[in-house]
Amino acid sequence: MSITPADAQAVWQRFRKAGPPSGFVDSQQARYDQMQALVRGDEWASYRTALTARRDEVAGIAAGRQEQLDGPLAPADAVLTRERRLRCLGRLEGLDEALAPFVQAEDIKKVLGLSIATGNINLILYGPGGYAKTETSKAILDHLFAPDVRGGMKQFHCETTVSELHGGTDMKKLREVGKEHFLIDGCYLESDIYVFEEFLAAPAAVLASTRMAFTQGYVMNGDQVVKNQCRVVIGCTNKTPDEISRLGAEEAAMLERFPIMLEVKWAKDGAEERKELYRRAAEAKEVKVKDPITIKDWDEIIKVVGEVEITKQYMETKAHLVSRMRGVKVLSPRSDLKSDILAKAHAAWEGRSKVNEDDLVVLRYFYNDGSGAGDEFDRMFQAEVKVASMERQSVDVVNGLNDELVDIMGKLDCEDPKSYVRALRAIRAFQQKLADTSVAESLQDEKVRMANQMDTWRGFLLEGLESNAVID
(Lines give C-alpha, C1' and ligand atoms only; values in the text may rest on other atoms or scores of the structure.)
Protein backbone atom coordinates (compact mmCIF):
# COMPACT_ATOMS: atom_id res chain seq x y z
CA MET A 1 0.00 0.00 0.00
CA SER A 2 1.30 3.41 -0.93
CA ILE A 3 1.47 5.84 2.01
CA THR A 4 0.94 9.47 1.01
CA PRO A 5 2.28 12.41 3.05
CA ALA A 6 -1.32 13.23 3.98
CA ASP A 7 -1.82 9.69 5.33
CA ALA A 8 1.39 9.93 7.32
CA GLN A 9 0.40 13.31 8.77
CA ALA A 10 -3.03 12.00 9.79
CA VAL A 11 -1.55 8.98 11.54
CA TRP A 12 1.12 11.15 13.11
CA GLN A 13 -1.47 13.48 14.59
CA ARG A 14 -3.40 10.51 16.05
CA PHE A 15 -0.31 8.82 17.49
CA ARG A 16 1.14 11.98 19.04
CA LYS A 17 -2.14 12.55 20.92
CA ALA A 18 -3.07 9.01 21.95
CA GLY A 19 -0.06 6.79 21.25
CA PRO A 20 -0.47 3.32 19.73
CA PRO A 21 -3.91 1.67 19.66
CA SER A 22 -5.03 0.43 23.10
CA GLY A 23 -8.03 -1.40 24.51
CA PHE A 24 -6.67 -4.90 23.99
CA VAL A 25 -9.07 -7.81 24.67
CA ASP A 26 -8.33 -10.43 27.34
CA SER A 27 -7.46 -13.21 24.95
CA GLN A 28 -3.69 -13.57 24.61
CA GLN A 29 -4.13 -14.72 21.03
CA ALA A 30 -6.23 -11.65 20.27
CA ARG A 31 -3.57 -9.41 21.85
CA TYR A 32 -0.89 -11.13 19.81
CA ASP A 33 -2.91 -10.79 16.62
CA GLN A 34 -3.57 -7.12 17.28
CA MET A 35 0.08 -6.36 17.94
CA GLN A 36 1.08 -8.33 14.86
CA ALA A 37 -1.39 -6.37 12.75
CA LEU A 38 -0.07 -3.13 14.19
CA VAL A 39 3.61 -3.87 13.65
CA ARG A 40 3.28 -5.49 10.23
CA GLY A 41 0.35 -3.53 8.88
CA ASP A 42 -0.11 -0.37 6.91
CA GLU A 43 -0.71 1.80 9.96
CA TRP A 44 2.70 0.93 11.38
CA ALA A 45 4.31 1.67 8.02
CA SER A 46 2.41 4.93 8.03
CA TYR A 47 3.58 5.67 11.56
CA ARG A 48 7.20 5.03 10.64
CA THR A 49 6.76 7.26 7.60
CA ALA A 50 5.37 9.95 9.89
CA LEU A 51 8.33 9.60 12.26
CA THR A 52 10.72 10.05 9.35
CA ALA A 53 8.71 13.03 8.14
CA ARG A 54 8.94 14.57 11.60
CA ARG A 55 12.68 14.07 11.56
CA ASP A 56 12.82 15.90 8.25
CA GLU A 57 10.58 18.61 9.69
CA VAL A 58 13.01 19.16 12.55
CA ALA A 59 15.85 19.20 10.05
CA GLY A 60 14.01 22.10 8.45
CA ILE A 61 14.85 24.17 11.51
CA ALA A 62 18.50 23.64 10.69
CA ALA A 63 17.81 24.66 7.12
CA GLY A 64 16.40 27.92 8.47
CA ARG A 65 19.66 28.53 10.32
CA GLN A 66 21.97 27.27 7.60
CA GLU A 67 20.70 29.04 4.51
CA GLN A 68 21.21 27.35 1.15
CA LEU A 69 23.85 28.99 -0.98
CA ASP A 70 22.10 28.84 -4.32
CA GLY A 71 18.61 29.23 -5.62
CA PRO A 72 16.63 30.80 -8.48
CA LEU A 73 15.56 34.03 -6.83
CA ALA A 74 15.34 35.97 -10.07
CA PRO A 75 14.40 35.39 -13.71
CA ALA A 76 16.29 32.59 -15.44
CA ASP A 77 18.63 35.04 -17.14
CA ALA A 78 19.70 36.48 -13.80
CA VAL A 79 19.84 33.50 -11.44
CA LEU A 80 21.53 34.49 -8.19
CA THR A 81 24.11 31.72 -8.05
CA ARG A 82 26.96 31.69 -5.58
CA GLU A 83 29.41 32.22 -8.44
CA ARG A 84 27.53 35.27 -9.66
CA ARG A 85 27.37 36.77 -6.18
CA LEU A 86 31.05 36.28 -5.55
CA ARG A 87 31.96 37.52 -9.02
CA CYS A 88 29.97 40.74 -8.64
CA LEU A 89 30.86 41.47 -5.04
CA GLY A 90 34.41 40.47 -5.85
CA ARG A 91 34.70 43.73 -7.74
CA LEU A 92 34.79 45.38 -4.33
CA GLU A 93 38.10 43.66 -3.68
CA GLY A 94 39.49 46.80 -5.27
CA LEU A 95 38.99 48.27 -1.79
CA ASP A 96 42.01 46.26 -0.66
CA GLU A 97 44.15 47.90 -3.32
CA ALA A 98 42.68 51.38 -2.87
CA LEU A 99 43.17 51.31 0.91
CA ALA A 100 46.46 49.39 0.96
CA PRO A 101 48.47 52.37 2.32
CA PHE A 102 46.27 52.68 5.43
CA VAL A 103 46.81 50.91 8.75
CA GLN A 104 43.93 49.18 10.58
CA ALA A 105 41.44 50.05 7.84
CA GLU A 106 39.49 46.76 7.93
CA ASP A 107 36.38 48.28 9.53
CA ILE A 108 36.36 51.22 7.11
CA LYS A 109 36.85 48.84 4.19
CA LYS A 110 33.90 46.67 5.27
CA VAL A 111 31.46 49.50 5.95
CA LEU A 112 32.38 51.34 2.73
CA GLY A 113 32.00 48.14 0.73
CA LEU A 114 28.58 47.40 2.21
CA SER A 115 27.34 50.96 1.65
CA ILE A 116 28.55 50.96 -1.96
CA ALA A 117 26.94 47.54 -2.53
CA THR A 118 23.52 48.88 -1.47
CA GLY A 119 23.81 51.89 -3.75
CA ASN A 120 21.50 53.98 -1.58
CA ILE A 121 22.69 54.14 2.04
CA ASN A 122 24.83 57.06 3.20
CA LEU A 123 27.37 56.69 5.98
CA ILE A 124 29.32 58.74 8.48
CA LEU A 125 32.93 58.23 9.53
CA TYR A 126 33.51 60.03 12.81
CA GLY A 127 36.20 60.22 15.47
CA PRO A 128 39.41 62.05 16.34
CA GLY A 129 41.36 63.83 13.65
CA GLY A 130 44.40 62.24 12.05
CA TYR A 131 43.05 58.70 11.61
CA ALA A 132 42.53 58.92 7.83
CA LYS A 133 38.78 59.38 7.56
CA THR A 134 39.13 61.91 4.75
CA GLU A 135 42.13 60.20 3.16
CA THR A 136 40.40 56.82 2.92
CA SER A 137 37.28 58.44 1.50
CA LYS A 138 39.35 60.31 -1.08
CA ALA A 139 41.20 57.09 -1.96
CA ILE A 140 37.84 55.50 -2.78
CA LEU A 141 36.94 58.39 -5.07
CA ASP A 142 40.33 58.46 -6.77
CA HIS A 143 41.07 54.75 -7.23
CA LEU A 144 38.15 52.36 -6.71
CA PHE A 145 35.96 53.57 -9.55
CA ALA A 146 36.39 53.88 -13.30
CA PRO A 147 36.15 57.35 -14.93
CA ASP A 148 32.48 56.89 -15.83
CA VAL A 149 31.55 56.94 -12.12
CA ARG A 150 31.16 60.57 -11.13
CA GLY A 151 32.55 61.57 -7.75
CA GLY A 152 33.47 64.67 -5.78
CA MET A 153 34.19 66.17 -2.39
CA LYS A 154 32.93 69.22 -0.52
CA GLN A 155 34.52 70.83 2.53
CA PHE A 156 31.92 72.30 4.89
CA HIS A 157 32.41 75.05 7.46
CA CYS A 158 30.32 77.33 9.60
CA GLU A 159 29.85 79.84 6.77
CA THR A 160 28.94 77.37 4.00
CA THR A 161 25.89 78.59 2.07
CA VAL A 162 23.10 76.72 0.31
CA SER A 163 24.26 78.24 -2.97
CA GLU A 164 27.83 77.05 -2.41
CA LEU A 165 26.53 73.54 -1.65
CA HIS A 166 24.83 73.42 -5.05
CA GLY A 167 27.69 74.70 -7.18
CA GLY A 168 27.38 78.43 -6.61
CA THR A 169 24.99 81.07 -7.93
CA ASP A 170 24.39 81.37 -11.65
CA MET A 171 25.00 85.11 -11.96
CA LYS A 172 23.81 85.23 -15.57
CA LYS A 173 20.45 83.73 -14.61
CA LEU A 174 20.23 86.03 -11.64
CA ARG A 175 20.63 89.09 -13.87
CA GLU A 176 18.19 87.76 -16.48
CA VAL A 177 15.32 86.67 -14.26
CA GLY A 178 16.14 88.32 -10.96
CA LYS A 179 15.91 85.00 -9.15
CA GLU A 180 18.71 82.86 -7.80
CA HIS A 181 19.59 79.70 -9.74
CA PHE A 182 22.37 77.25 -8.85
CA LEU A 183 25.09 76.20 -11.27
CA ILE A 184 24.63 72.55 -10.16
CA ASP A 185 27.51 71.24 -12.32
CA GLY A 186 29.95 69.21 -10.21
CA CYS A 187 27.87 69.27 -7.01
CA TYR A 188 26.65 66.15 -5.23
CA LEU A 189 23.29 66.17 -7.06
CA GLU A 190 24.99 65.19 -10.33
CA SER A 191 27.52 62.79 -8.83
CA ASP A 192 27.31 59.05 -8.17
CA ILE A 193 29.38 59.10 -4.98
CA TYR A 194 30.36 62.15 -2.94
CA VAL A 195 32.27 63.04 0.22
CA PHE A 196 30.97 65.65 2.69
CA GLU A 197 33.97 66.72 4.76
CA GLU A 198 33.05 68.10 8.24
CA PHE A 199 29.45 68.47 7.09
CA LEU A 200 28.14 68.70 10.67
CA ALA A 201 29.91 72.07 10.92
CA ALA A 202 27.54 73.55 8.33
CA PRO A 203 24.76 76.01 9.31
CA ALA A 204 21.28 74.59 9.97
CA ALA A 205 19.94 76.00 6.67
CA VAL A 206 22.51 74.06 4.67
CA LEU A 207 21.79 70.85 6.57
CA ALA A 208 18.05 71.35 6.05
CA SER A 209 18.52 71.85 2.29
CA THR A 210 20.68 68.71 2.03
CA ARG A 211 18.24 66.70 4.12
CA MET A 212 15.35 67.67 1.86
CA ALA A 213 17.37 66.66 -1.21
CA PHE A 214 17.71 63.15 0.23
CA THR A 215 14.12 63.00 1.47
CA GLN A 216 12.42 64.31 -1.67
CA GLY A 217 15.01 63.06 -4.14
CA TYR A 218 15.30 66.43 -5.86
CA VAL A 219 16.11 70.13 -5.42
CA MET A 220 14.25 73.07 -6.95
CA ASN A 221 16.60 75.20 -9.03
CA GLY A 222 14.41 78.18 -9.79
CA ASP A 223 11.51 76.62 -11.70
CA GLN A 224 13.54 73.57 -12.65
CA VAL A 225 13.44 70.25 -10.79
CA VAL A 226 16.96 68.83 -10.40
CA LYS A 227 16.95 65.16 -9.47
CA ASN A 228 19.34 63.97 -6.78
CA GLN A 229 21.36 61.33 -8.65
CA CYS A 230 23.86 60.69 -5.87
CA ARG A 231 23.89 57.05 -4.76
CA VAL A 232 26.14 57.21 -1.72
CA VAL A 233 27.44 60.11 0.37
CA ILE A 234 30.33 59.57 2.78
CA GLY A 235 30.18 62.08 5.62
CA CYS A 236 33.33 62.76 7.65
CA THR A 237 33.52 64.59 10.97
CA ASN A 238 36.01 65.01 13.81
CA LYS A 239 33.24 65.33 16.36
CA THR A 240 33.53 63.05 19.35
CA PRO A 241 30.84 60.53 20.31
CA ASP A 242 29.76 62.79 23.14
CA GLU A 243 29.43 65.79 20.81
CA ILE A 244 27.42 63.77 18.33
CA SER A 245 25.05 62.55 21.06
CA ARG A 246 24.38 66.22 22.05
CA LEU A 247 23.68 67.58 18.56
CA GLY A 248 20.64 69.76 17.90
CA ALA A 249 17.37 68.84 16.19
CA GLU A 250 18.45 69.77 12.65
CA GLU A 251 21.71 67.83 12.94
CA ALA A 252 19.85 64.85 14.39
CA ALA A 253 17.37 64.97 11.49
CA MET A 254 20.30 65.08 9.05
CA LEU A 255 21.93 62.07 10.71
CA GLU A 256 18.76 60.11 10.04
CA ARG A 257 19.72 60.30 6.35
CA PHE A 258 23.14 58.89 7.25
CA PRO A 259 22.10 55.78 9.17
CA ILE A 260 25.45 53.97 9.00
CA MET A 261 27.90 55.32 11.55
CA LEU A 262 31.44 54.13 12.20
CA GLU A 263 33.87 55.50 14.75
CA VAL A 264 37.29 55.54 13.10
CA LYS A 265 40.09 54.82 15.55
CA TRP A 266 42.81 52.25 16.03
CA ALA A 267 41.81 49.16 17.95
CA LYS A 268 45.41 48.87 19.15
CA ASP A 269 48.08 51.56 19.29
CA GLY A 270 51.36 50.07 20.44
CA ALA A 271 54.91 49.90 19.16
CA GLU A 272 54.09 47.24 16.56
CA GLU A 273 51.22 49.28 15.15
CA ARG A 274 53.43 52.36 14.89
CA LYS A 275 56.17 50.36 13.14
CA GLU A 276 53.58 49.10 10.64
CA LEU A 277 52.53 52.72 10.03
CA TYR A 278 56.15 53.75 9.37
CA ARG A 279 56.73 50.73 7.10
CA ARG A 280 53.73 51.51 4.91
CA ALA A 281 54.67 55.18 4.73
CA ALA A 282 58.24 54.29 3.69
CA GLU A 283 57.02 51.82 1.07
CA ALA A 284 54.32 54.14 -0.24
CA LYS A 285 53.87 53.95 -3.97
CA GLU A 286 51.27 54.96 -6.47
CA VAL A 287 47.98 53.27 -5.73
CA LYS A 288 46.55 51.44 -8.69
CA VAL A 289 43.39 49.33 -8.65
CA LYS A 290 43.71 46.55 -11.20
CA ASP A 291 40.02 46.37 -12.09
CA PRO A 292 38.17 49.62 -11.18
CA ILE A 293 34.40 49.52 -10.90
CA THR A 294 32.45 50.95 -13.81
CA ILE A 295 28.91 52.29 -13.50
CA LYS A 296 27.70 49.09 -15.20
CA ASP A 297 29.58 46.99 -12.63
CA TRP A 298 28.03 49.02 -9.83
CA ASP A 299 24.55 48.56 -11.27
CA GLU A 300 25.12 44.79 -11.37
CA ILE A 301 26.34 44.74 -7.75
CA ILE A 302 23.22 46.64 -6.64
CA LYS A 303 21.05 44.21 -8.64
CA VAL A 304 22.68 41.19 -6.99
CA VAL A 305 22.10 42.65 -3.52
CA GLY A 306 18.47 43.37 -4.39
CA GLU A 307 17.91 39.71 -5.32
CA VAL A 308 19.01 38.40 -1.89
CA GLU A 309 16.05 36.99 0.02
CA ILE A 310 14.98 38.14 3.48
CA THR A 311 14.03 35.09 5.58
CA LYS A 312 11.30 34.77 8.19
CA GLN A 313 13.81 33.62 10.82
CA TYR A 314 15.91 36.73 10.25
CA MET A 315 12.88 39.01 10.58
CA GLU A 316 11.72 37.34 13.81
CA THR A 317 15.16 37.55 15.41
CA LYS A 318 15.61 41.13 14.26
CA ALA A 319 12.21 42.19 15.65
CA HIS A 320 13.22 40.67 18.99
CA LEU A 321 16.56 42.52 19.03
CA VAL A 322 15.14 45.88 17.96
CA SER A 323 12.42 45.57 20.60
CA ARG A 324 14.98 44.83 23.32
CA MET A 325 17.05 47.84 22.22
CA ARG A 326 14.15 50.27 22.59
CA GLY A 327 15.23 51.02 26.16
CA VAL A 328 18.62 52.17 24.86
CA LYS A 329 17.84 53.69 21.47
CA VAL A 330 14.74 53.62 19.28
CA LEU A 331 15.49 52.69 15.67
CA SER A 332 13.29 54.72 13.34
CA PRO A 333 11.17 52.81 10.80
CA ARG A 334 13.24 54.41 8.02
CA SER A 335 16.52 53.17 9.46
CA ASP A 336 14.97 49.82 10.32
CA LEU A 337 14.09 49.21 6.66
CA LYS A 338 17.46 50.51 5.49
CA SER A 339 19.17 47.98 7.75
CA ASP A 340 17.48 45.17 5.81
CA ILE A 341 19.15 46.40 2.62
CA LEU A 342 22.52 46.48 4.38
CA ALA A 343 21.90 42.96 5.74
CA LYS A 344 21.24 41.78 2.18
CA ALA A 345 24.53 43.36 1.09
CA HIS A 346 26.28 41.57 3.96
CA ALA A 347 24.76 38.23 2.95
CA ALA A 348 25.80 38.74 -0.69
CA TRP A 349 29.28 39.74 0.47
CA GLU A 350 29.47 36.39 2.29
CA GLY A 351 28.30 34.56 -0.85
CA ARG A 352 24.77 33.72 0.33
CA SER A 353 21.46 34.14 -1.48
CA LYS A 354 19.45 34.50 1.71
CA VAL A 355 19.83 36.66 4.79
CA ASN A 356 20.23 34.88 8.12
CA GLU A 357 20.77 35.94 11.74
CA ASP A 358 24.52 36.37 11.23
CA ASP A 359 23.75 39.36 9.00
CA LEU A 360 22.12 41.17 11.92
CA VAL A 361 25.63 42.25 12.86
CA VAL A 362 25.15 45.22 10.49
CA LEU A 363 22.59 46.68 12.89
CA ARG A 364 25.52 47.79 14.99
CA TYR A 365 26.25 50.54 12.47
CA PHE A 366 22.71 51.90 12.95
CA TYR A 367 23.08 52.06 16.73
CA ASN A 368 26.67 53.33 16.70
CA ASP A 369 25.87 56.99 17.38
CA GLY A 370 28.34 57.59 20.19
CA SER A 371 25.74 57.15 22.94
CA GLY A 372 26.89 53.65 23.88
CA ALA A 373 23.96 52.03 22.08
CA GLY A 374 26.36 50.28 19.70
CA ASP A 375 28.16 48.54 22.57
CA GLU A 376 24.85 47.49 24.11
CA PHE A 377 23.72 46.08 20.79
CA ASP A 378 26.96 44.10 20.54
CA ARG A 379 26.21 42.46 23.91
CA MET A 380 22.65 41.60 22.93
CA PHE A 381 23.68 40.36 19.50
CA GLN A 382 26.35 38.07 20.93
CA ALA A 383 23.73 36.62 23.29
CA GLU A 384 21.42 35.96 20.34
CA VAL A 385 24.27 34.36 18.40
CA LYS A 386 24.93 32.09 21.37
CA VAL A 387 21.27 31.04 21.44
CA ALA A 388 21.25 30.46 17.69
CA SER A 389 24.40 28.34 17.96
CA MET A 390 22.82 26.25 20.71
CA GLU A 391 19.72 25.81 18.56
CA ARG A 392 21.81 24.57 15.63
CA GLN A 393 23.55 22.06 17.89
CA SER A 394 20.22 21.05 19.42
CA VAL A 395 18.75 20.40 15.98
CA ASP A 396 21.56 17.92 15.30
CA VAL A 397 20.95 16.23 18.65
CA VAL A 398 17.18 16.00 18.11
CA ASN A 399 17.67 14.63 14.61
CA GLY A 400 19.97 11.96 16.01
CA LEU A 401 17.45 11.04 18.70
CA ASN A 402 14.68 10.81 16.14
CA ASP A 403 16.82 8.45 14.07
CA GLU A 404 17.37 6.27 17.13
CA LEU A 405 13.63 6.24 17.80
CA VAL A 406 12.86 5.08 14.26
CA ASP A 407 15.59 2.43 14.52
CA ILE A 408 14.36 1.06 17.86
CA MET A 409 10.76 0.64 16.79
CA GLY A 410 11.76 -0.57 13.35
CA LYS A 411 13.43 -3.62 14.90
CA LEU A 412 10.30 -4.75 16.77
CA ASP A 413 9.23 -8.20 15.52
CA CYS A 414 5.88 -9.43 16.81
CA GLU A 415 6.68 -12.99 15.70
CA ASP A 416 9.56 -13.06 18.19
CA PRO A 417 8.14 -11.95 21.55
CA LYS A 418 11.68 -11.64 22.96
CA SER A 419 12.21 -8.78 20.56
CA TYR A 420 9.91 -6.88 22.92
CA VAL A 421 12.55 -7.35 25.62
CA ARG A 422 15.28 -6.02 23.37
CA ALA A 423 13.12 -3.07 22.35
CA LEU A 424 12.25 -2.39 25.98
CA ARG A 425 15.92 -2.30 26.95
CA ALA A 426 16.67 0.02 24.06
CA ILE A 427 13.81 2.29 25.11
CA ARG A 428 15.05 2.42 28.71
CA ALA A 429 18.52 3.42 27.48
CA PHE A 430 16.95 5.95 25.12
CA GLN A 431 14.87 7.47 27.93
CA GLN A 432 17.96 7.92 30.09
CA LYS A 433 19.87 9.46 27.21
CA LEU A 434 16.96 11.77 26.45
CA ALA A 435 16.74 12.88 30.09
CA ASP A 436 20.46 13.70 30.13
CA THR A 437 20.32 15.66 26.84
CA SER A 438 20.15 19.46 26.96
CA VAL A 439 18.45 21.23 24.07
CA ALA A 440 17.62 24.83 23.26
CA GLU A 441 14.39 26.27 24.61
CA SER A 442 12.87 26.33 21.12
CA LEU A 443 13.19 22.52 20.96
CA GLN A 444 11.98 21.67 24.47
CA ASP A 445 8.55 20.71 23.10
CA GLU A 446 10.21 18.25 20.74
CA LYS A 447 12.10 16.68 23.65
CA VAL A 448 8.89 16.37 25.68
CA ARG A 449 7.13 14.84 22.70
CA MET A 450 9.79 12.14 22.37
CA ALA A 451 9.71 11.44 26.11
CA ASN A 452 5.92 11.00 26.00
CA GLN A 453 6.24 8.80 22.93
CA MET A 454 8.70 6.55 24.72
CA ASP A 455 6.42 6.28 27.77
CA THR A 456 3.58 5.22 25.48
CA TRP A 457 5.64 2.61 23.66
CA ARG A 458 7.17 1.33 26.91
CA GLY A 459 3.68 0.69 28.27
CA PHE A 460 2.73 -0.97 25.01
CA LEU A 461 5.74 -3.31 25.15
CA LEU A 462 5.21 -4.15 28.81
CA GLU A 463 1.61 -5.09 28.05
CA GLY A 464 2.85 -7.26 25.19
CA LEU A 465 5.32 -9.00 27.48
CA GLU A 466 2.60 -9.68 30.04
CA SER A 467 0.12 -10.97 27.47
CA ASN A 468 2.68 -13.36 25.95
CA ALA A 469 4.21 -14.43 29.28
CA VAL A 470 7.68 -13.59 28.07
CA ILE A 471 10.26 -13.88 30.86
CA ASP A 472 13.51 -11.91 30.79
Side-chain angles (χ1 to χ4, degrees), residues 56-71 73 80-82 85-86 89 106-107 110-111 113-115 117-118 121 123 259-262 304-368 373-399 438-447:
D56 295 339
E57 181 183 334
V58 174
I61 300 174
R65 295 290 188 187
Q66 204 118 26
E67 304 295 347
Q68 295 184 4
L69 293 177
D70 299 312
L73 303 176
L80 187 59
T81 63
R82 178 177 174 81
R85 284 192 300 279
L86 294 179
L89 274 296
E106 289 303 316
D107 286 343
K110 187 65 175 285
V111 76
L114 291 174
S115 177
T118 67
I121 302 183
L123 70 147
I260 303 177
M261 301 185 70
L262 178 69
V304 164
V305 170
E307 291 168 2
V308 173
E309 182 180 341
I310 296 286
T311 61
K312 180 180 179 182
Q313 189 66 46
Y314 161 85
M315 298 301 290
E316 289 177 350
T317 306
K318 180 188 177 186
H320 176 65
L321 271 173
V322 172
S323 177
R324 288 182 62 191
M325 283 294 296
R326 287 184 64 84
V328 183
K329 177 183 176 180
V330 177
L331 197 65
S332 72
R334 180 193 290 110
S335 293
D336 199 346
L337 293 176
K338 288 280 189 181
S339 70
D340 289 339
I341 303 173
L342 200 67
K344 291 168 73 171
H346 188 269
W349 188 296
E350 298 294 329
R352 287 181 274 106
S353 65
K354 296 181 182 179
V355 172
N356 66 27
E357 293 95 322
D358 293 337
D359 302 308
L360 285 167
V361 68
V362 301
L363 273 175
R364 198 220 195 280
Y365 300 128
F366 290 77
Y367 286 110
N368 195 20
D375 294 334
E376 181 61 25
F377 173 79
D378 282 345
R379 287 190 287 271
M380 289 188 181
F381 176 70
Q382 290 304 318
E384 288 294 324
V385 168
K386 186 175 181 180
V387 169
S389 176
M390 184 177 181
E391 285 185 352
R392 291 189 185 100
Q393 296 172 13
S394 297
V395 165
D396 292 336
V397 171
V398 169
N399 282 339
S438 297
V439 298
E441 184 178 351
S442 61
L443 291 172
Q444 286 295 332
D445 288 345
E446 185 66 18
K447 181 179 176 181

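Starting from 1, each residue takes its place in the sequence as its number.
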Handout entry: Audit row: Asn356, Gln313, side-chain contact (heavy atoms from CB on, under 4.5 Å) steps and yes/no
Key = CA-CA 7 Å; Asn356 66 27; Gln313 189 66 46; over 6 Å; no
Of Val111, Leu342, Ile260, Ile341, the one forming a side-chain contact (heavy atoms from CB on, under 4.5 Å) with Val362 is Leu342
Which heavy atom of Val305 sits nearest to which heavy atom of Ala117, and what is that distance?
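Reported closest heavy-atom pair: CG2-O, 3.6 Å.
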Nearest heavy-atom contact between Thr118 and Ala345 is CG2-CB, 3.9 Å
Please list every donor-acceptor pair under 3.5 Å in which a side-chain atom of residues 324-334 meets a protein atom from a residue at least two apart or in another chain.
residue: Lys329; atom: NZ; partner: Phe366; partner atom: O; Å: 3.0
residue: Lys329; atom: NZ; partner: Asp369; partner atom: OD2; Å: 3.4
residue: Ser332; atom: OG; partner: Glu256; partner atom: OE2; Å: 2.2
residue: Ser332; atom: OG; partner: Ser335; partner atom: N; Å: 3.1
residue: Ser332; atom: OG; partner: Ser335; partner atom: OG; Å: 3.3

side-chain hydrogen bond (donor to acceptor under 3.5 Å, both in side chains) between Lys318 and Ser339, intermediate numbers included:
CA-CA 10 Å; Lys318 180 188 177 186; Ser339 70; 2.8 Å; yes
Give a yes or no on whether a salt bridge exists between Arg352 and Asp359, defined as a side-chain N under 4.0 angstrom from a carboxylate O. yes
Q.
Taking the side chain as everything from C-beta on, heavy atoms only, tell me whether Phe381 gets closer than 4.5 Å to Leu363.
A.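 Side-chain contact under 4.5 Å: no.
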ask   = Does a side-chain heavy-atom distance below 4.5 Å link Leu123 with Leu262?
value =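 SC-SC contact between Leu123 and Leu262 ruled out.
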**Request:** Report the C-alpha distance between Asn368 and Phe377 in whole Å, list the side-chain angles of each, state the deciding distance to 0.1 Å, and finish with yes or no for side-chain contact (heavy atoms from CB on, under 4.5 Å).
**Result:** CA-CA 9 Å; Asn368 195 20; Phe377 173 79; over 6 Å; no
TODO: Please confirm whether Lys110 makes a cation-pi placement over Trp349, using NZ or CZ under 6.0 Å from the six-membered ring centre and within 45° of the ring normal.
DONE: yes
(Q) Return the CD to OG1 distance between Glu309 and Thr311, rounded to the nearest 0.5 Å. (A)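 Rounded to the nearest 0.5 Å, the CD-OG1 separation comes to 7.5 Å.
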dist Met315:CE -> Leu360:CG (nearest 0.5 Å) comes out at 9.5 Å
For this session: Go through the side-chain N and O atoms of Tyr314 and Asp340 and say whether any donor and acceptor fall under 3.5 Å apart.
Result: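 There is such a pair between these side chains.
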Do Val308 and Lys354 pass the side-chain contact (heavy atoms from CB on, under 4.5 Å) test, and can you show the C-alpha distance, the side-chain angles, and the key distance before you say yes or no?
CA-CA 5 Å; Val308 173; Lys354 296 181 182 179; 5.5 Å; no
Sequence-distant partners of Tyr365, ring pair (Phe, Tyr, Trp, His ring centres under 6.0 Å), two or more places apart: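 So Tyr365 forms no ring pair (Phe, Tyr, Trp, His ring centres under 6.0 Å) with any residue.
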